[in-house]
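Shown next, in structure tokens, is the structure this report addresses.
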Amino acid sequence: MPKRKTILGEPNSIAFLLGNEAIARGAIEYGIGVAAAYPGTPSSEIVESLASVASDLGIYVEWSVNEKTAFELAYAAAMSGVPSLTAMKHVGLNVAADPLMTSAYTGVKAGFIIVTADDPYMHSSQNEQDNRWVGLHAYIPVLEPANPQEAKDLTYLGLEYSEKLGHPIILRSVTRVSHARGLVRLGPLRPPRTVGSFPREPQKWAVVPAHARKMKIDVLRRWREIEDVFAEFPYNKIDDSNSNILIVASGIGYPYAKDALKIVGVKAKILKVSTPVPLPRKLVEKAVNGIEKILVVEETDPVVEMQLKSILFDLHIDVEVHGADYLGRKGELTIDRVAEAIAKIAGVSWSPPKPIEVPINVPPRKPILCPGCPHRATFYALIMAARELGVDPIYSGDIGCYSLGIDPPFNAQDTITNMGGSIGLANGFSHTVKNRPVVAILGDSTFFHAGLPPLLNAVYNRAPMLVLVLDNETTAMTGFQPHPGTGLTAMGGKGRKILIEEVAKAMGADYVDVFDPYDVRKAIESIKTGLKVAMDGGVAVLVARRVCSLLAARLGLARDRYFIDSNRCVGCSVCTNILACPAIVIGEDNKPRIIESLCSGCGVCAQICPFQAITKRG
Amino acid sequence: MRPDMPIPSNNKERVKIEAVFTGVGGQGIITMGTILGVACSKIGLNIITAETHGMSQRMGMVDFFVRIGDVEAPLVPQASADIVVSLEMIEALRSVRHLKRCGWLLVADIYIPPPYVENVPSRKDIVTVLERLPINSILINVEEIVEKLNDSRVVNMAMLGAFMAIEDVSKIIPVTLVEDVVEERLGPINREAFGMGYKQAVKKIKDGDLISRCAKTNV
Ligand SMILES: Cc1ncc(C[n+]2csc(CCOP(=O)(O)OP(=O)(O)O)c2C)c(N)n1
């Protein structure tokens with residue numbers, strides 16, 4: 001149903017919003033004119049919802065090719081007086097780190113909010129970095145909302161403070177804020193400011209050493225000013241109580257602490273922190289009065305705890321401080337985890353209820369490649385090609401749906417580190433492991449995001465490899481966002497469609513070919529040729545092009561029906577063991593059967609069946 | 001022009017419901033939460049839900065947390081759910097860990113074995129195990145509802161209907177309100193599915209037609 005209606009709801013009405021929609025609403029209420037992002041769980045819905053209302057509001061919203069580009073675009077908007085937002089998942093901030101580190105030096109003219117959606121427990125990520133550190137590192141203040149309502153409010157206030165201070169601000173969300181839903185009271189909408197101006201002022205915007213040295217002095221001055229301003233920040237507060245225990249709860253730590261206190265039945269004073277970086281000294285001073293023990297509740301790293309200890313040391317205040325020692329520094333907080341820590345510091349005994357035991361083995365249900373996924377067909381062809389050539393390649397993998405190729409029967413993702421890392425690491429392997437070909441495997445969106453520089457490097461420095469781009473014509477993993485290869489834009493317009501094979505040719509790759517993974521024999525032959533080029537010292541780029549089967553189903557594309565003729569089937573298990581399509585199951589008779597409701601009609605199983613037992617219906 | 005302060009917690013009767021919806025990615029579990037949330041927003045009843053996106057949606061398992069009333073944080077504490085609604089039978093077994101003693105487990109009779117995994121319990125195994133647990137569990141015949149309405153996508157709304165049959169829920173969220181939101185957002189077929197799930201569950205509870213039963217006294 002229309003997301004759009006919800007996010008543009010009437011001022012003062014109450015809407016049930018996803019945390020990320022609330023962030024988008026906060027930015028709209030402030031009147032941003034520009035938003036740019038690259039998708040990544042759990043951040044994608046922020047710009048997705050902004051894009052869905054961009055033309056109604058007359059603002060500019062785009063999916064950029066990567067986080068650095070998105071950051072720079074929004075940064076320039078704020079330099080020219082147009083308030084802006086950029087959003088990314090936590091690891092995306094690494095990609096944007098270069099301009100980010102300098103943005104504190106130049107500052108901004110209009111409000112500039114940088115949303116980082118961290119992913120504690122790594123529900124959908126490769127690491128658990130806590131980006132509040134980045135704020136300390138870059139001299140950029142960090143706001144941390146506790147729930148969807150605050151996600152909206154702090155986005156608004158972040159933009160307001162950013163504009164007032166002339167300084168960028170980071171909003172640190174986490175999975176359980178971005179992907180929580182709750183009731184949000186909407187505020188009034190200010191008209192967006194979409195047009196800026198840019199008087200020539202290189203001493204402010206061009207960071208040559210002579211300018212930068214002056215700017216650094218200014219950064220340090222602003223940093224102290226920000227700390228004082230944050231001491232009065234309206235969402236920092238002290239919940240008083242007659243207790244000598246203080247809980248310092250940052251962001252989502254606050255709701256966990258509130259619920260946990262109730263469960264354990266302990267009273268404590270709470271300092272609720274919405275501005276973890278920099279932690280305001282004056283606020284700490286006020287809160288620790290009469291306190292004997294402190295528990296810091298924050299998600300992931302002891303960012304507040306370390307600042308707190310340093311402040312207490314400077315103030316010569318000697319109290320017992322616990323935090324990461326009681327709560328650990330990995331995974332998500334839970335009410336139980338916080339309750340146990342509270343019980344410990346209060347010296348009461350409490351333990352969570354024990355789960356009811358189920359006296360039977362419950363089988364795991366891991367995510368898998370979907371029925372008809374073109375990646376499965378490509379992995380099958382890849383394994384077959386290597387087998388036919390009698391080689392055992394290094395599979396330098398990457399991040400996307402195809403990461404699932406790590407599992408049996410393919411086992412074809414030997415490394416997965418970061419976006420673009422497939423080609424990047426292949427550059428290294430190709431110089432150090434001489435007796436095995438190197439295959440870099442990455443998706444189309446990932447190719448445009450971070451695949452171009454390492455491919456250029458491989459061609460230039462002669463790093464032999466086969467680069468296999470799995471082009472399913474979308475960014476599937478994060479929810480089907482468009483990218484340069486689709487030629488569509490975030491706001492639904494037409495951009496220029498960029499073909500991966502053209503890019504590879506222009507870069508000087510030794511061999512470039514495109515194949516359809518649903519055409520199994522051709523796919524195997526193409527990959528064999530590519531492998532041979534790599535083994536002869538060249539760089540081969542192959543594009544396996546076929547639209548994502550989930551997307552095809554969503555678009556309502558026509559599909560064929562297949563069935564297994566049980567008279568022909570001998571139960572050899574090639575379809576189940578080597579292809580492992582979830583639409584094929586082994587029936588009671590020990591023979592495979594196709595679940596027609598799941599089958600996408602790709603026809604790959606029919607091509608690989610050695611007994612031609614799988615045929616199209618009708 | 002400052003944003004308003006958060007919504008005042010005006011839940012006079014300090015109610016609290018902890019629930020978990022589970023199933024397999026793609027079954028429409030998030031929609032169940034959205035419908036419930038919109039209904040709660042209309043009566044100013046606090047609700048907070050938490051979901052997982054990304055990898056888990058590729059036919060993986062989905063846990064969706066729903067907390068209503070006097071609550072702040074998004075995750076249901078361990079073994080504390082009052083109600084678990086499972087859209088799939090194997091996931092029902094897995095989700096028992098969320099349930100408190102004598103809590104309600106509402107299970108759809110949908111069976112989706114995970115592909116390429118050994119030792120998967122059968123429907124019968126699952127019912128036999130549930131029979132012996134210290135919980136209240138009901139099997140909802142959703143396949144029948146799907147067949148009657150000739151639409152396989154109504155499983156989620158049928159089970160939301162079953163959820164509304166639990167008295168602690170309908171006491172604070174009017175069933176007709178939720179029904180209207182279902183119709184408004186998803187159309188008449190889904191409203192019908194919701195009603196059928198609701199009625200079936202009400203009848204089973206009234207007739208004592210449960211898989212397992214647990215007396216509150218021996219908690
Ligand atoms: C720096 C960074 N940004 C974003 C992400 C989130 N992310 C994971 S995979 C992916 C893109 C996958 O798209 P594609 O390469 O086309 O593969 P597909 O999932 O479609 O198979 C994204 C954006 C990330 N892991 N790291």
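A, B, ... follow the sequence lines: proteins, then strands. Residue 1 opens every chain.
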Toward chain B, the part of A:Lys262 with a non-hydrogen atom under 4.5 Å: side chain
Which of B:Glu91, B:Arg97, B:Arg132 touches chain A most, by non-hydrogen pairs under 4.5 Å: B:Glu91
Atom group of A:Glu357 that falls short of 4.5 Å from chain B, counting heavy atoms: backbone
Residue-level contacts of residues 141-148 of chain B with chain A, using a heavy-atom cutoff under 4.5 Å: none
Segment of A:Lys258 engaging chain B (4.5 angstrom heavy-atom cut-off): side chain
Greatest number of heavy atom pairs closer than 4.5 Å to chain A - which of B:Ser80, B:Ala50, B:Ser152: B:Ala50
Atom pair CZ/CD of A:Arg365 and B:Glu88 - distance to nearest 0.5 Å: 4.5 Å
Heavy atoms of other groups near B:Tyr116 OH, more than 12 under 6.0 Å: yes
Check against side chain to side chain contact (heavy atoms under 4.5 Å, CB included), A:Phe16 and B:Leu36: CA-CA 10 Å; A:Phe16 183 62; B:Leu36 209 55; over 6 Å; no
Residue, of A:Cys581, A:Ala583, A:Ser597, that accumulates the most heavy atom pairs under 4.5 Å with chain B: A:Cys581
Heavy-atom pair count under 4.5 Å with chain A, highest-scoring of B:Gly37, B:Ser41, B:Gly103: B:Gly37
Heavy-atom pair count under 4.5 Å with chain B, highest-scoring of A:Pro359, A:Pro364, A:Gly479, A:Pro352: A:Pro364
Selection residues 62-96 of chain B - residue pairs positive for ring-ring contact (aromatic ring centres under 6.0 Å, His included), sequence neighbours left out: B:Phe65-B:His98
Choice from A:Thr334, A:Ile360, A:Val177 maximising heavy atom contacts with chain B below 4.5 Å: A:Ile360
Nearest-0.5 Å distance, OG1 of residue B:Thr49 to NE2 of residue A:His179: 11.0 Å
Region of B:Ile126 that comes under 4.5 Å of a non-hydrogen atom in chain A: neither
CG on A:Leu18 to OG1 on B:Thr34, rounded to 0.5 Å: 8.5 Å
A:Ile263 versus chain B, the contacting section by heavy-atom distance below 4.5 Å: side chain
Contact origin within A:Pro409 toward chain B - heavy atom pairs under 4.5 Å: neither
Test log, rule side chain to side chain contact (heavy atoms under 4.5 Å, CB included), inputs B:Val117 and A:Lys366: CA-CA 10 Å; B:Val117 176; A:Lys366 292 205 295 183; over 6 Å; no
Residue part contacting chain B, namely of A:Pro42, when any heavy atom lies under 4.5 Å: neither
Value rounded to 0.5 Å, distance of CZ in B:Arg101 from NZ in A:Lys354: 10.0 Å
Pick from A:Val338, A:Ile252, A:Ile356 with the largest number of heavy-atom pairs that fall under 4.5 Å of chain B: A:Ile356
Proximity breakdown for A:Leu17 and chain B, heavy-atom pairs closer than 4.5 Å: neither
Atom group of B:Val120 that falls short of 4.5 Å from chain A, counting heavy atoms: both
Exercise: identify the closest heavy-atom pair between B:Pro115 and A:Ile368: CG-CD1, 3.4 Å
Choice from A:Asn147, A:Asp259, A:Ile335 maximising heavy atom contacts with chain B below 4.5 Å: A:Asp259
For the student: nearest non-hydrogen atoms of B:Ile90 and A:Val362, plus distance: O-CG1, 4.0 Å
B:Leu75 versus chain A, the contacting section by heavy-atom distance below 4.5 Å: both
Which of B:Val96, B:Val66, B:Thr31 touches chain A most, by non-hydrogen pairs under 4.5 Å: B:Val96
Residues, nucleotides or ligands: over 12 heavy atoms within 6.0 Å of B:Arg153 CZ: no
Among the listed options A:Thr576, A:Leu369, A:Thr478, A:Asn361, the residue most often paired with chain B at heavy-atom distances under 4.5 Å: A:Thr576
Donor-acceptor contact below 3.5 Å, side chain B:Gln78 vs main chain A:Pro353: yes
More than 12 heavy atoms of other groups within 6.0 Å of B:Arg123 CZ: yes
Beyond-backbone contact of A:Arg181 with B:Ile30, side-chain heavy atoms, under 4.5 angstrom: yes
Min side-chain heavy-atom separation A:Pro363-B:Pro121 under 4.5 Å: yes
